[in-house]
Structure formats: structure tokens, C-alpha cells
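A short write-up of the structure that comes next.
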Amino acid sequence: MTVNPHQTAAARYVALIPAAGSGSRMGAAAPKQYAPLAGRPLIEHAVHRLCAHPRIDAVFVVLAPGDAQFNRCDWRGCEAKLSALYCGGETRAASVFNGLLAANDAIDANDWVLVHDAARPCLGVQEIDRLIAEVGDSEVGGLLAVPVADTLKRASAEREAVQTEGRDHLWRAQTPQMFRYRVLIEALRRADIAAVTDESSAVEQTGARPRLVQGSATNFKVTYPEDLALAELILGKAGQ
Ligand code: CTP
Ligand code: MG
């Protein structure tokens with residue numbers, strides 16, 4: 001009997017960070033991943049956090065082709081794990097898919113890939129630990145998410161409250177989202193990439209059930225200009 005090394009080797013954990021967006025809702029000239037945040041470009045926060053995590057072996061960042069700013073950032077301490085992939089696509093899902101293909105030689109089919117938005121600079125070590133602890137024994141994978149706390153309103157076209165929707169069993173998806181490499185790349189290959197807003201949605205479409213892991217509201221996605229001040233407050237409180 002031949003032994004497949006991919007099945008017997010212990011699965012590793014690698015991070016893939018899509019950072020090829022333009023940040024249109026931020027309304028600034030430069031892409032938001034390079035916006036100054038607590039003394040350094042926004043992208044440095046999440047990348048340093050993931051590179052510093054002892055369970056994570058490699059960190060791939062997916063950049064827009066022609067990105068000239070990534071190499072000017074401060075990557076001291078990250079050298080052993082960090083790789084830049086200049087293959088960003090039209091959408092976030094396309095960037096993730098291109099990045100997975102580009103990193104193929106460095107990742108085994110059974111390895112775990114933690115996909116994390118560059119635009120979530122306040123990711124805590126506890127959240128990474130919890131995700132790995134609660135999903136690392138599953139076949140498929142899972143994601144950080146927070147239960148919906150606010151009352152939900154369905155609006156009319158004129159922005160009037162038409163109806164109150166139940167919030168039971170509703171969660172807001174965050175990142176990292178963690179899937180086996182083979183599961184994720186196959187799900188994205190089969191999905192309508194233009195309609196995929198997160199990795200979990202592509203995996204759900206295959207019939208698999210990703211696990212929801214309690215995240216934290218502080219791990220929010222910086223989207224609008226006012227989000228920068230909130231992220232600075234959170235990072236300041238966390239002592240970074
Ligand atoms: N992203 C990417 N490739 C794209 C679009 C987005 O790698 N074609 C990345 C962003 O850089 C970000 C993450 O996906 O780190 C989440 O996307 P989002 O917050 O929507 O960022 P942008 O698309 O840049 O912002 P906007 O939607 O406001 O234009
Ligand atoms: Mg976007």
C-alpha cells in the first residue's frame with residue numbers, strides 16, 4: 001500500500017490575507033490597507049499579529065498587481081513566515097482564489113488556511129486561539145462570527161421600517177475563516193465567484209456546514225473613515 005504523505009503529515013496552519021481592494025467606501029486616495037492607523041499602515045496590524053502566532057507557519061498576503069506600497073512597510077520580525085503574492089483579482093473572492101492557486105506549492109491539501117481581511121486590524125490572539133481550538137478537529141472548517149444583538153428592521157424603498165425580523169440564529173460573519181486547503185479551493189472553483197462574499201458561503205454551497213465560533217465585536221472591518229478612530233481606540237486599549 002502506498003502512503004500519501006499529505007494524509008499522514010500533521011496539518012499545518014497558514015494564513016492568507018486578501019489586501020488587493022481599493023477601499024472605495026473609505027473615500028481616500030490611497031487604498032485603505034495603507035491608511036495610517038495607530039502609527040503604522042493599517043495592513044501591518046493584522047499581518048504582524050498572524051506572523052507572531054506560534055501555531056501559524058506561513059502568512060501569504062494577496063496584493064494588487066503593481067502594488068508599490070507593501071514593500072515599504074515595516075516587516076521586521078515577519079521575514080521567516082511572510083510572502084507577498086501579486087495576484088489580486090476583481091473581487092475579494094477572486095483575490096482569495098488566485099492567492100490559493102499561487103501558494104499551491106507551499107500548502108498541502110490537508111493544511112488549514114485561515115483567510116483574514118487585511119481590513120480587520122484588531123484581531124485578538126484569543127480569537128485566533130479559539131478558532132483553531134474549536135475548528136481544528138473538524139473535517140470542513142469554520143469561522144469567527146458574532147450573534148446579531150440589535151433588532152432587525154426590513155426597510156421599504158423609502159427607508160421606512162416595514163417589518164421587524166427575528167434575529168434568532170442569525171450571526172454576523174467575520175474573519176479569519178478557516179478551511180482545509182482542498183475544501184476551500186474546490187468550493188471556490190465550483191462557486192459563482194462574483195456572488196461569493198466570504199469563504200464560508202462558497203463552502204456552504206457544497207452542502208458542508210462550517211462551524212460558527214464566537215468572535216468579538218472588536219474584530220470589526222474598517223470600512224468607513226470614522227472606523228479608523230474606533231480601531232485606534234481598540235488598539236490603544238489592547239496596549240498595541
Ligand atoms: N480585497 C481584495 N481584492 C479585492 C477586493 C477586496 O483582496 N478585489 C480585500 C480588501 O483589501 C480587504 C478585504 O478584501 O482587506 C475585505 O474587503 P473590503 O473591506 O470590501 O475592502 P475593499 O474592497 O478594499 O473596500 P470597498 O469595498 O469599500 O471598496
Ligand atoms: Mg469591497
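Atoms within a ligand are numbered from 1 in the order they appear, just like the ligands themselves.
Using a 4.0 Å cut-off to heavy atoms of K221, the atoms of ligand 1 that qualify are 18 (P), 19 (O), 20 (O). Less than 4.0 angstrom separates some heavy atom of E90 from each of these atoms of ligand 1: 8 (N). The contact set between ligand 1 and K32, taken as ligand atoms under 4.0 Å from a residue heavy atom, comprises 18 (P), 19 (O), 21 (O), 25 (O). When each atom of ligand 1 is checked for a heavy atom of S22 under 4.0 Å away, the hits are 24 (O), 29 (O).
Residues L37 and H45 form a side-chain contact, since some pair of their non-hydrogen atoms from C-beta on lies under 4.5 Å apart.
Rounded to the nearest 0.5 angstrom, Y224 OH and L230 CG are separated by 14.5 Å. Here the OG atom belonging to S22 is positioned 8.0 Å from the CD atom belonging to Q33, to the nearest 0.5 angstrom.
Within the 4.0 Å heavy-atom cutoff, A119 counts among the residues contacting ligand 1. Residue D117 places a heavy atom less than 4.0 Å from ligand 1. Within the structure, the closest approach of V62 to ligand 1 does not fall below 4.0 Å when heavy atoms are considered.
Taking a cutoff of 4.0 Å between a charged side-chain nitrogen and a carboxylate oxygen, R12 and D111 qualify as a salt bridge.
With hydrogens left out, the protein atom closest to atom 8 (N) of ligand 1 is G89 O, 2.9 Å, a heavy atom. Taking atom 20 (O) of ligand 1 as the reference point, the nearest protein heavy-atom neighbour is R25 NH2, 3.1 Å. Protein heavy atom in closest approach to atom 14 (O) of ligand 1: R92 CG, 3.4 Å. For atom 12 (C) of ligand 1, the nearest non-hydrogen atom of the protein is P18 O, 3.7 Å. Looking at atom 11 (O) of ligand 1, its nearest protein heavy atom turns out to be G21 N, 3.0 Å.
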How far apart are the C-alpha atoms of R25 and D227, what are their side-chain angles, what is the distance that settles it, and do they pass the salt bridge (Lys or Arg N to Asp or Glu O under 4.0 Å) test? CA-CA 11 Å; R25 286 170 287 181; D227 293 340; over 6 Å; no
Stepwise side-chain contact (heavy atoms from CB on, under 4.5 Å) test for N219 and V146: CA-CA 10 Å; N219 180 29; V146 288; over 6 Å; no
Start with the C-alpha distance between E44 and R76, add both sets of side-chain angles, then the distance that settles salt bridge (Lys or Arg N to Asp or Glu O under 4.0 Å), and finish with yes or no. CA-CA 11 Å; E44 287 188 15; R76 280 172 297 177; over 6 Å; no
Working for salt bridge (Lys or Arg N to Asp or Glu O under 4.0 Å), residues R182 and E139: CA-CA 11 Å; R182 68 178 144 70; E139 248 329 284; 3.2 Å; yes
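Residue contacts with ligand 1 for S95 involve side-chain atoms from C-beta outward but no N, CA, C or O (heavy atoms, distance under 4.0 Å).
Backbone and side-chain nitrogen or oxygen atoms of A20 are examined, and one is located within less than 3.5 angstrom of a nitrogen or oxygen of ligand 1. Annotation: G23 places an N or O atom under 3.5 Å from an N or O atom of ligand 1; distance criterion only.
Surrounding CD of E226 are more than 12 heavy atoms belonging to other residues, nucleotides or ligands, all under 6.0 Å away.
Checked against a 6.0 Å centroid threshold, the rings of F70 and W75 count as neighbours.
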